[in-house]
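All ligand and atom numbering here is 1-based and tracks the order in the structure.
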Amino acid sequence: MFDVTRYATAAQSIVDAGRFLYDRGWSPATSSNYSARLDHDHVAITVSGRHKGQLTAGDVMVVDLNGQAVQSDCKSSAETLLHTVLYQIFPNVGAVLHTHSVKATVLSRLASPGSALDFEGYELQKAFSGVETHEGILSIPVFDNTQDIPALAEQTREWFQARPDQPGYLIRGHGLYTWGKTMADCLRHVEAFEFLFECELETMRVRP
Ligand SMILES: [Zn+2]
């Protein structure tokens, strides 16, 4: 069982996040999925296929950390396991956001297979929780896209167990995953990533 009041708060944070992310153009055409932790064993997550700019509490359901629906006949996102694996690895993660922006999609397609994108020297790196200087390197892996979500979930588990300080990843030609202690932290991470992606693409444009 989960706490109903916590569910209501989490569902509202997801609805609000959807409005913001859709308005920015980062969750078009019913793509993307969002989640927020309720307790040690449960997360609230968007129901599959809903318009992210028009979410209501009825578009948010509860799953356990194995991705199984709890007290719901709805179907959660096909990518539910990519969320739950992060809650399993990081007990202090409170929210996970997955977006499908143009810049994340384009940049991920330019990265070479099996590589990571390194962001270095940007003041905005400090927007990520725990980062206090522009002098570090944010190393964002780019995983190949697949419809085999359990396999991809295991790949991400392996990567982030070894590098727990990195705040997100890209899936090639698909989008971004990032997380945070709170929904506010997580939204700030999405915005920071979008800024960094735009800087990288703009740099390629002016200095090909
Ligand atoms: Zn997706």
Seminar exercise, completed: Listing protein N, O or S under 2.8 Å around the Zn ion (ligand 1) gives E79 OE2, H98 NE2, H100 NE2, H174 NE2

For this session: Give the ring-plane orientation class for F160 versus F90, where under 30° counts as parallel, over 60° as perpendicular and anything between as tilted.
Result: perpendicular

Problem set entry | Those residues that, when tested against F193, pass ring pair (Phe, Tyr, Trp, His ring centres under 6.0 Å) (two or more places apart) | F128, F197

For this session: From the options R19, K52, R50, select the one residue that forms a salt bridge (Lys or Arg N to Asp or Glu O under 4.0 Å) with D59.
Result: R50

Exercise. Do the rings of F2 and Y7 sit parallel, tilted or perpendicular, given the 30° and 60° boundaries?
Worked result: tilted

For this session: Answer yes or no for R157 and W159: cation-pi contact, defined as NZ/CZ to six-membered ring centre under 6.0 Å and angle to ring axis within 45°.
Result: no

Exercise. Are the side chains of D39 and R6 in touch, meaning some heavy atoms are under 4.5 Å apart?
Worked result: yes

